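As structure tokens, the structure follows; a few thoughts come after it.
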Amino acid sequence: MLRQFDKPLHQTQIGIEGAKNNKSALWCEGKPYNPKETEEKIYRLWEKSGYFNPDNLPVSKSKPHTLHPKPFCIIMPPPNANGSLHLGHALMLTLEDIMIRYKRMQGFKTLWLPGADHAGFETQIVYDKIVEKEGRNRFEIPAEKLFKEIWNFTQKNKVAMENQIRRLGASCDWSREKFTLDKDIVLKTQDTFIQMYKDGLIYRDNRLVHWCSKHQTGFSDLEIIHEEKSDPLYYIKYGPLTVATVRPETIFGDVAVAVNPKDKRYINLIGKEIEADVIIAKLKLKIIADSSVDPDFGTGAVKITPAHDINDFEIWQKNKDKIEKPKEVINKYGKMDLVRYFGDGEDVKKYEGLKVLEARKLIVEDLEKRGLIEKIDATYRHNIALCYKCKNPIEPRLMSQWFVRMTAAPHAQDQKSKIKNQNFSMSLRDMAVKVVKSGKIKFIPKRFEKIFFHWMKNIRDWNISRQIVWGIKIPAWQCQDCGYWMVVRNKPAKCVKCGSKKIERDSDVFDTWFSSGQWPFLTLGFNKTKSENPKSEIRNSKHGNDFKTFYPTDVMETGWDILFFWVARMIMLGLYRTGKIPFKYVYLHGLVRDAYKQKMSKSKGNVINPIEMIEKYGADALRMALIVGNTPGTDLAFSEEKIKGYRNFANKIWQATRFIVMNIKDIKLVGQIKLTASDKKLLKEFEMLKKKITKQIESFNFYLAAEEIYHYFWHVFCDKIIEENKSRLKEETMKNMEDRDAARYVLLEILKGSLKMIHPFMPFITEEIWQNLPGKNKNKMLMIEKW
RNA sequence: GGGCGGUUAGCUCAGUGGUAGAGCAUUGCAUUCACAUUGCAAGGGUCAUAGGUUCAAAUCCUAUACCGCCCACCA
């Protein structure tokens, strides 16, 4: 590469002869760079070129025989179609666009596949608020009508969002855009469920589920948060024993008392029955032994309420045969539900229908009146589970739901199970852990691998049933006579067990992450030809080979906050469904926070709107501000000031170009280029810089690459090189024409090379300049120039 | 309770074995000559603390302190 500078170059080789054709107006006005005049125009130019679509990319001229260049693919994490773009999206789009543009310039068959997420529960909540504002109640709107309303709502948002993505300069292939509720995605998601059911990886079970009584839906383990809280710990006399609890209102649902089998105080009572006075009844409770009981906590005796406490439920499961069934004394609205167990006596009706906290207060009073409260520990602090969205306490509830088996190996539970010929001997969890441990999937930064393993180690089965309308319907049908469940796409004519024709569909929908967990292979049209159901073959045939070409994809770039929700599930479901990893690298970016590292929120008033910033400073400035100094996995301190700094940088590029072009245009080169020793040194240093930046991008250190090119362009190229070469260009001080041309050559070479390297970071201004550079190849865009 | 990080200039953070770095901020000077959305220059850090390994430690090891985050079914 360096050798070419040693030999003389003719003017035709450096392309300055076309300078007079340059539209001089652009450069001669001394105005600052105005992104508004270029960005929209440039994006249209890109879209018109068709190069966002890998099928249209020119095949490398240097290797014309290369008919199948190496693919590079990123599946865009689909933004939720329920609002507008925020800085997190802007960061995600910038990082991915940098990788995509870089690889495209390197000649890869580059696909960035955009999408939008229906975002089940999240969108349901957003829409609920709209419904509320209109004075309606979502629980009173028929499901189908509500679904249609939300559909229209998301479609509108989707279009707005797509345009916002364009404004950031994202070079994604819009012709392949997918929505998580596209028909083929829905059908394929259901296919996966059906297949997993056959393979014994999905089962229905009645167990305690995290339930939010405000939102009226169950959750997975990930959708609850824990908060430390101070609550009185009540010591309640239970016949001969005393039990400690923070939830006296659950005493009505008690079915036993558990003690530690080694606890000498109670060893004689194990297996015996006691009678406890719970105001409205005298409960007969068996004393059982369970090693999970901590003898040092409270009195060492635990009341067991299997229907309303997860621990208690597990103890009940182990002792099913010895003690009675759970009693559900709190209903789905979080209110006391006693009459059905204890009759409608006055004392019972006193509590009936009261909210949990109201009931607790009253019950404590009544227990105290009877002298049944031994003591109250007011200093007790404990963790309680809350709904991640509304922060109301989770009320565990006994429910029949669909679960994904995470830690147990699959087993054929249907003749059509495929596990025998597909080599699935491991659990979903173990498969995923294996590919990360073996380095098939690499995390950036690496420390997230440890976090991933830790989470995987403790993972439990995944509840995927949601009691909302906005989502993908579960393909499961229940016989209304015998209760038998059938997992098939279409409604069965009759129950396969009892023959009854009274069949009804499960009214629940999937956890949205169950479908997004399949996003990489579904968007690429996995299993298009070999569908379990022919009806699902409705994907546009022109992208029929995408799965073969682009899967496994190269990079999954997303926020670390959805590592478990999304990344882990994509790995598991991808491996299960396709037998291959869904991506090779996981790049996890941090949260964008304000200048003081505070979370941005509407209530704090510190939210920065990316579109507003683009209006003010341009997309390039915003992109650069998001990248420089932003290390993977670490939250970013962000401010408008920072964007201003890179707006200034954009102008610097603009002005420097103006200077160079002004000194080149309308002047013909006189002959050969004779570079001085210092010219050669500069070009050599520039080659070194290129190598360094390439290496930094390859190793995902975009923050370093961006800073490097910024620093070089401004403080080396502008401040030193241009300044030092000024005298060689001026007529008064110029030594000779040859020396002038050498200076011109060096400046233009470095300018062009810099534009290429800046392009992935600041695509608009660099493309605009490139388009107006003297002597450029007609119609050739910087976007596809060789890196 | 389990786990993962961080502690470097006023601020935000790079730097992971070889004489302390960037951006912003601060201070001084310059300015019809591409650019004031500018240039030149300056000040500023015993790299949390204590031990250890090494010819050599901000960097590797151990401990301590403080800060942050994630996970979690002690009633």
Side-chain angles (χ1 to χ4, degrees), chain A residues 27-28 30-34 208 210 221-222 224-226 231 233-236 243-248 250 254 257-258 292-305 308-315 380 382-385 394 396 445 447-460 560-561 563-564 590-591 593 595-597 617-618 621 625 628-631 633-639 641-642 644-663 701 703-704 706-708 710-711 714-715 718-720 722-723 726-727 729-730 732:
Chain A
W27 307 106
C28 290
K31 282 195 249 164
Y33 169 63
N34 182 2
L208 271 206
H210 307 298
D221 291 346
L222 284 176
I224 59 162
I225 53 168
H226 295 273
D231 272 314
L233 180 65
Y234 302 96
Y235 285 72
I236 300 171
V243 293
T245 182
V246 287
R247 301 199 59 187
T250 62
D254 285 0
V257 172
S292 71
V293 177
D294 177 0
D296 298 326
F297 186 90
T299 61
V302 192
K303 64 189 223 40
I304 301 300
T305 324
H308 300 289
D309 183 285
I310 289 172
N311 273 315
D312 295 1
F313 182 76
E314 282 180 12
I315 292 178
Y380 182 61
H382 66 151
N383 288 310
I384 55 161
I394 287 292
R447 71 185 146 90
F448 281 101
E449 289 177 9
K450 290 184 196 167
I451 295 171
F452 173 81
F453 292 138
H454 182 252
W455 183 70
M456 280 297 200
K457 201 178 148 194
N458 301 311
I459 198 171
R460 295 191 296 167
W560 56 256
D561 51 327
L563 172 61
F564 308 140
L591 264 54
R593 295 168 179 266
Y596 310 98
K597 291 226 107 183
Y617 307 107
V628 176
N630 190 355
T631 47
T634 307
D635 292 353
L636 176 70
F638 195 73
S639 65
E641 283 305 304
K642 205 175 168 191
K644 270 188 202 166
Y646 294 100
R647 184 268 319 260
N648 296 354
F649 180 52
N651 189 49
K652 191 76 183 179
I653 301 172
W654 191 253
Q655 300 298 349
T657 309
R658 187 159 73 97
F659 173 80
I660 292 168
V661 172
M662 275 186 345
N663 279 283
N701 289 319
Y703 66 105
L704 289 180
E707 196 183 309
E708 194 81 40
Y710 168 86
H711 191 262
W714 197 321
H715 301 299
C718 291
D719 292 349
K720 304 231 159 64
I722 292 184
E723 290 303 322
K726 272 183 177 170
S727 64
L729 298 168
K730 272 192 221 160
E732 315 88 71

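Computed from a predicted structure; not experimentally measured. Note on naming: letters A, B, ... go to the chains in the order of the sequence lines (proteins, then strands), and numbering restarts at 1 for each one.
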Could you give me the CA-CA distance, side-chain angles and deciding distance for A:Asp221 and A:Ile459, then say whether side-chain contact (heavy atoms from CB on, under 4.5 Å) is met? CA-CA 9 Å; A:Asp221 291 346; A:Ile459 198 171; over 6 Å; no
Give A:Tyr380 one of three labels, base, sugar-phosphate or nothing, depending on what nucleic acid heavy atoms sit under 4.0 Å from its own. sugar-phosphate
Whole-angstrom distance between B:rU27 and B:rC13, as gauged at atom P: 24 Å
Spacing of the C1' atoms in B:rG10 and B:rG44 (rounded, Å): 9 Å
Watson-Crick or G-U pairs under 3.5 Å in RNA chain B, rendered as dot-bracket with [ ] for crossing pairs and | for another strand: ((((((((.[[[[.)..(..]]]].(((((.......))))).....[[[[[..)....]]]]])))))))....
Can you tell me which nucleotide in B:rG23, B:rU37, B:rC35 comes closest to the side chain of A:Arg647? B:rU37
Ranking B:rG23, B:rA72, B:rG39 by distance to the side chain of A:Lys652, first place goes to B:rG39
Does A:Tyr646 place a side-chain N or O at less than 4.0 Å from the phosphate oxygens OP1/OP2 of B:rC24? no
Report the C-alpha distance between A:Tyr234 and A:Val246 in whole Å, list the side-chain angles of each, state the deciding distance to 0.1 Å, and finish with yes or no for side-chain contact (heavy atoms from CB on, under 4.5 Å). CA-CA 6 Å; A:Tyr234 302 96; A:Val246 287; 5.6 Å; no
From the options B:rU37, B:rC35, B:rA72, select the nucleotide whose nearest atom is closest to the side chain of A:Gln655. B:rC35
Please report the distance separating the P of B:rU8 from the corresponding atom of B:rU59, rounded so that it comes out in whole Å. 13 Å
Inter-nucleotide P distance (B:rC11, B:rU53), Å rounded: 35 Å
Is there a donor-acceptor contact under 3.5 Å from the side chain of A:Asp294 to the main chain of A:Asp296? yes
Whether A:Lys597 and A:Asp635 form a salt bridge (side-chain N of Lys/Arg under 4.0 Å from carboxylate O of Asp/Glu) is what I want to check. no
Describe the nucleic acid contact of A:Arg460 in one word from base, sugar-phosphate, nothing, applying a heavy-atom distance below 4.0 Å. base
What's A:Ile304 touching, base or sugar-phosphate or nothing? Going by heavy atoms closer than 4.0 Å. nothing
Can you check whether any acceptor in the base of B:rA22 is under 3.5 Å from a donor in the side chain of A:Glu708, or vice versa? no
Distance between the C1' atoms of B:rG15 and B:rG21, in whole angstroms? 7 Å
What's the closest nucleotide to the side chain of A:Trp560 if the choices are B:rC70, B:rC33, B:rU38? B:rC70
Answer with yes or no after comparing the ring centroid distance for A:His454 and A:Phe452 against a 6.0 Å cut-off, counting only values under it. no
Using a heavy-atom cut-off of 4.0 Å across all strands, would you classify A:Val293 as base, sugar-phosphate, or nothing? base
N/O contacts under 3.5 Å, protein versus nucleotides 3-13 of chain B?
residue, atom, partner, partner atom, Å
B:rG3, O4', A:His454, NE2, 3.4
B:rG5, OP1, A:Lys450, NZ, 2.6
B:rC13, OP1, A:Lys597, NZ, 2.4

Let's see if you can work this out: which of B:rA34, B:rA14, B:rU37 has an atom nearest to the side-chain heavy atoms of A:Leu704? B:rA14
With under 30° as parallel and over 60° as perpendicular, where do the rings of A:Tyr380 and A:His382 fit, or are they tilted in between? tilted
How many angstroms lie between CG in A:Leu636 and OH in A:Tyr703, if you round to the nearest 0.5 Å? 13.0 Å
Here the gap from A:Ile236 atom CD1 to A:Lys303 atom NZ, rounded to the nearest 0.5 Å, amounts to 7.0 Å
Scan A:Tyr703 against the nucleic acid and name what it touches under 4.0 Å (heavy atoms): base, sugar-phosphate only, or nothing. sugar-phosphate
Return no unless some side-chain N or O of A:Lys457 is found under 4.0 Å from OP1 or OP2 of B:rG2. no
B:rG51 versus B:rA65 - spacing of their C1' atoms, nearest Å: 15 Å
Comparing A:Ile722 and A:Tyr33 on RNA chain B - which has the more 5′ nearest nucleotide: A:Ile722
Looking only at atom C1', what distance separates B:rU19 and B:rU64, rounded to whole Å? 31 Å
Mark yes or no for a side-chain to base donor-acceptor pair under 3.5 Å between A:Asn383 and B:rA72, with no hydrogen or angle criteria applied. yes
Quick check against the 3.5 Å criterion: does A:Asn651 have a side-chain atom that pairs as donor or acceptor with the backbone of A:Arg647? no
Looking at every strand, decide which applies to A:Phe564 at a 4.0 Å heavy-atom threshold: base, sugar-phosphate, or nothing. sugar-phosphate
Tell me what A:Glu641 touches on the nucleic acid: a base, only sugar-phosphate, or nothing, going by heavy atoms under 4.0 Å. nothing
Kindly determine whether A:Arg593 and A:Phe638 satisfy side-chain contact (heavy atoms from CB on, under 4.5 Å), including the steps that lead there. CA-CA 6 Å; A:Arg593 295 168 179 266; A:Phe638 195 73; over 6 Å; no
Given the P atoms of B:rC29 and B:rG23, what is the spacing between them in whole Å? 22 Å
When you get a sec, tell me which of B:rC33, B:rG15, B:rU38 is the closest nucleotide to the side chain of A:Trp714? B:rU38
Closest to the A:Asn651 side chain: B:rA72, B:rA34, B:rC35? B:rC35
So for atom NZ, which belongs to A:Lys457, do other residues, nucleotides or ligands contribute more than 12 heavy atoms lying within a distance under 6.0 Å? no
Please tell me which of the listed nucleotides, B:rA34, B:rU37, B:rC24, lies nearest to the side chain of A:Lys726? B:rA34
